Amino acid sequence: MSYVDEVIDLVVEKNPAQPEFHQAVKEVLESLRVVIEENEEAYRKDALLERLVTPERQLLFRVPWVDDNGQVHVNNAFRVQFNSAIGPYKGGLRLHPSVNLGIIKFLGFEQIFKNSLTGLPIGGGKGGSDFDPKGKSDREIMAFCQSFMTELSKYIGADTDVPAGDIGTGAREIGYMFGQYKRIRGVYEGVLTGKGLSYGGSLARTEATGYGLLYLTEEMLKCNGHDIKGKTVVVSGSGNVAIYAVQKAQQLGAKVVTVSDSTGWVYDKEGIDVALLKEVKEVKRARLTEYAAARPSAEYHEGRGVWSIKCDVALPCATQNELHLDDAKELVANGCIAVAEGANMPTTIEATEYLQKNGVLFAPGKAANAGGVATSALEMSQNSERLSWTFEEVDGKLKNIMVNIFHNLDEAAKKYHMEGNYVAGANIAGFLKVADAMTAQGIV
Ligand code: NDP
Ligand code: 2IT
C-alpha cells in the first residue's frame, strides 16, 4: 500500500468520529501524492506524515460561567497546537455550538498549510468552544471569555501560541480575553490578534480576510483572461469574512447579489447595501430578515439557496461543507466561472472535483482566505516593534501577499504537471516549506 494511503487509513482508525478531520487530511494527502512518492523512502523513515497529522499538543478543558440569572453553565473548550515547525502556533478561536475536537483538528490541520503559504513565520493551531454566543448579554459573553482565558492563559504567549478570531469570536470577545490574559499573566504583549485599535490591534485586520479573498480572486481571474469588474457574485454568510468580501468585490466593480446566515438568505437584485448589512450584523447583531425589511429590492428566503442564483463568481464565506455536489451542478449549469473559498473547507470533496472537472477556476480556502492570518502576522510584527502602520501600508502588504500566494499555487501546480489545479498547488506549496523545516529540526 502507498505511504499516503497507509497514513489516511491510520488517521481514520486513530481518530474515530472526526469526519471533518478525516476529510481535511484526505484532501491534503491525496493531492500530495506525487510529492510524497518522489521522497517516499526518506519521509517514511522519518515518519514525516504520521508526525504531520498528529498534533504536537491538544488541550481540552472545561469552562464554567454564570449567566444573568445566576445559573452556572459548563462548556467544553479546546486548543490544538498542531505544528510549530515554521513559527509559533497561530490560528483562531471558534465559538459555536457545533465545535468539538474533530472540528478544531480539521481547522488546525488546514491552518498549518495556510500559514505556510503566507510566507510569514507562523505555525498551525486552532481552538474554541461549544459555547453559543447568540442571544447572550454582554456580561454573559464577558463571563465566558474570562473563564475561558483563565485556563487558556497557561498555554499561550506572544512567542508560543497566538490565538485570534473565527466564527463567533470578534473584536468584543478578543477584547475581554486580552484583558483577562493581561490581568492573570501581568504581561502586556501581542498574545492575541484582531485586537481593538486602541490596544495594539492592526488597521485592516477587520477587513483582511474578505479583502484578501478578493485580491486573490481578482488575480486568479486576471491570469485566466477574465476581469472581476462587471461580474455577478454570490456570497454566503454575513459575518466578518462575508461583509468585507462584499465590500471589496463592489469596490472592484463587481455586483454582489446574495448573503446568508444560518436561518436564511437574501437575494438583492440591486446589489447588497454594505452599510445596511453592517448595521444589521455588526451593530444590532440581528437576523437578515431585518436587512430585507429595510431594503425594498431584497427578497428574504428561509433555509439555504444562495448557490441557485445565476452568477459568474461564487464565494462561500460561512462554514465548512456548505457547498455540496448538487450546488456545484447548479453553479456550473448557470455558467459560474470561479469559486473562491472565504470560509475553511466550505466545499465538499465531491463538489470541488465536479467544479474542477467542469472547468471552474477553484481557489481553496487555505490560499483564498489566508489574508486574515497573514494580517494577524503583520499585527504581531507591529506589536513586536511597538509601532502601528497605516491602513494603506497594511492593505498594500496584504495585497502583495495574496498575489504572491496565487502565483505560488499556480507555479507549484504547473511544476507537478497539474496546471490550473490550485487545490494541489496550495497543498504542495504549503507542505514543502513545513516538511523542509521539520526535516531540518530532527525528530521532535
Ligand atoms: P462570523 O461569526 O463573523 O460569521 C459567520 C457567518 O457564517 C454568519 O453569517 C453565520 O450565520 C454563518 N454560519 C456560521 N455557522 C453556520 C452554519 N453551521 N450554518 C450556516 N451558516 C453558518 O465568522 P467569520 O466570518 O469570521 O468566519 C466565516 C468562515 O471564514 C469560517 O469558516 C471561518 O473559519 C473562516 N475564516 C475566518 C477568518 C477570519 O479572519 N475571521 C479567516 C479565515 C477563515 P449565523 O450568524 O446565523 O450563525
Ligand atoms: O481561519 C483562520 O485563518 C482564522 N480564523 C484567522 C486566524 C488568525 O490567527 O488570524
Side-chain angles (χ1 to χ4, degrees), residues 20 87-99 103-104 106-115 117-118 120 122-128 132-135 156 161-174 190-195 201-202 204-213 235-246 259-266 277-278 280-282 285-289 291 303-304 306 315-323 341-347 364-380:
E20 294 84 3
Y89 310 105
K90 183 85 197 83
L93 296 169
R94 178 173 292 190
L95 301 182
H96 192 272
S98 63
V99 165
I103 297 273
I104 299 300
F106 118 63
L107 290 162
F109 185 70
E110 288 283 292
Q111 201 81 41
I112 302 170
F113 306 96
K114 181 194 306 192
N115 293 2
L117 286 172
T118 65
L120 300 167
I122 41 179
K126 198 84 185 190
D132 186 358
K134 278 201 196 82
I156 62 176
D161 184 357
V162 183
D166 193 77
I167 290 178
T169 307
R172 174 180 59 169
E173 292 73 21
I174 293 290
V191 65
L192 293 163
T193 58
K195 299 185 292 299
S202 174
R205 175 62 188 90
T206 306
E207 294 84 355
T209 311
Y211 278 23
L213 173 66
V235 167
S236 67
S238 50
N240 173 265
V241 179
I243 289 171
Y244 294 94
V246 172
V259 285
S260 67
D261 63 21
S262 56
T263 43
W265 57 287
V266 159
L277 182 64
K278 284 189 185 178
V280 171
K281 286 292 173 185
E282 293 184 340
R285 298 180 187 274
R287 310 309 303 164
L288 282 174
T289 41
Y291 175 96
R304 44 197 303 286
V306 159
L315 304 175
C317 296
T319 193
Q320 65 273 1
N321 292 328
E322 54 159 322
L323 199 164
E341 298 184 320
N344 286 307
M345 208 171 76
T347 316
K366 61 173 74 68
N369 71 37
V373 76
T375 307
S376 279
L378 301 179
E379 183 172 328
M380 290 165 71

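The shown structure was predicted, so the numbers you read here are calculated from the model rather than taken from an experiment. Just follow the structure's listing: the first ligand is 1, and inside any ligand the first atom is 1. Along the sequence shown, residues carry numbers from 1.
In summary, the side chains of Arg205 and Ser376 do present a donor paired with an acceptor at a separation below 3.5 Å, with no hydrogens or angles considered. In this structure, a donor-acceptor pair under 3.5 Å is present between the side chains of Arg287 and Thr263.
Evaluated for a side chain to side chain contact (heavy atoms under 4.5 Å, CB included) with Val373, the options Leu117, Leu120, Leu378, Thr118 yield exactly one hit, Thr118.
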Exercise answer, ligand 2 polar atom pairs (N/O) under 3.5 angstrom:
from	atom 1	to	atom 2	distance (Å)
ligand 2	1 (O)	Lys114	NZ	3.0
ligand 2	1 (O)	Lys126	NZ	3.0
ligand 2	1 (O)	Asn344	ND2	3.0
ligand 2	3 (O)	Gln111	NE2	3.0
ligand 2	3 (O)	Lys114	NZ	2.8
ligand 2	5 (N)	Lys126	NZ	3.4
ligand 2	5 (N)	Gly165	O	3.1
ligand 2	5 (N)	Asp166	OD1	2.9
ligand 2	9 (O)	Lys90	NZ	2.7
ligand 2	10 (O)	Arg205	NH2	2.9
ligand 2	10 (O)	Ser376	OG	2.5

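Taking 4.5 Å as the limit, every side-chain heavy atom of Gln320 sits out of range of all side-chain heavy atoms of Glu110. Side-chain contact between Thr169 and Ile174 is present, with at least one heavy-atom pair separated by less than 4.5 Å. Side-chain contact between Val241 and Asn369 is absent, with no heavy atoms from C-beta onward closer than 4.5 Å. Annotation: side chain of Val99 is not in contact with side chain of Lys126 (no heavy-atom distance under 4.5 Å).
Contacts of ligand 1 (protein heavy-atom distance under 4.0 Å) are Arg94, His96, Lys114, Lys134, Asp166, Ile167, Gly168, Arg205, Thr209, Gly237, Ser238, Gly239, Asn240, Val241, Ser260, Asp261, Ser262, Arg287, Cys317, Ala318, Thr319, Gly342, Ala343, Asn344, Asn369.
Not a single donor-acceptor pair under 3.5 Å links the side chain of Lys281 to the backbone N or O of Gly239. A donor-acceptor pair under 3.5 Å links the side-chain atoms of Glu341 to the main chain of Thr347, judged by distance alone.
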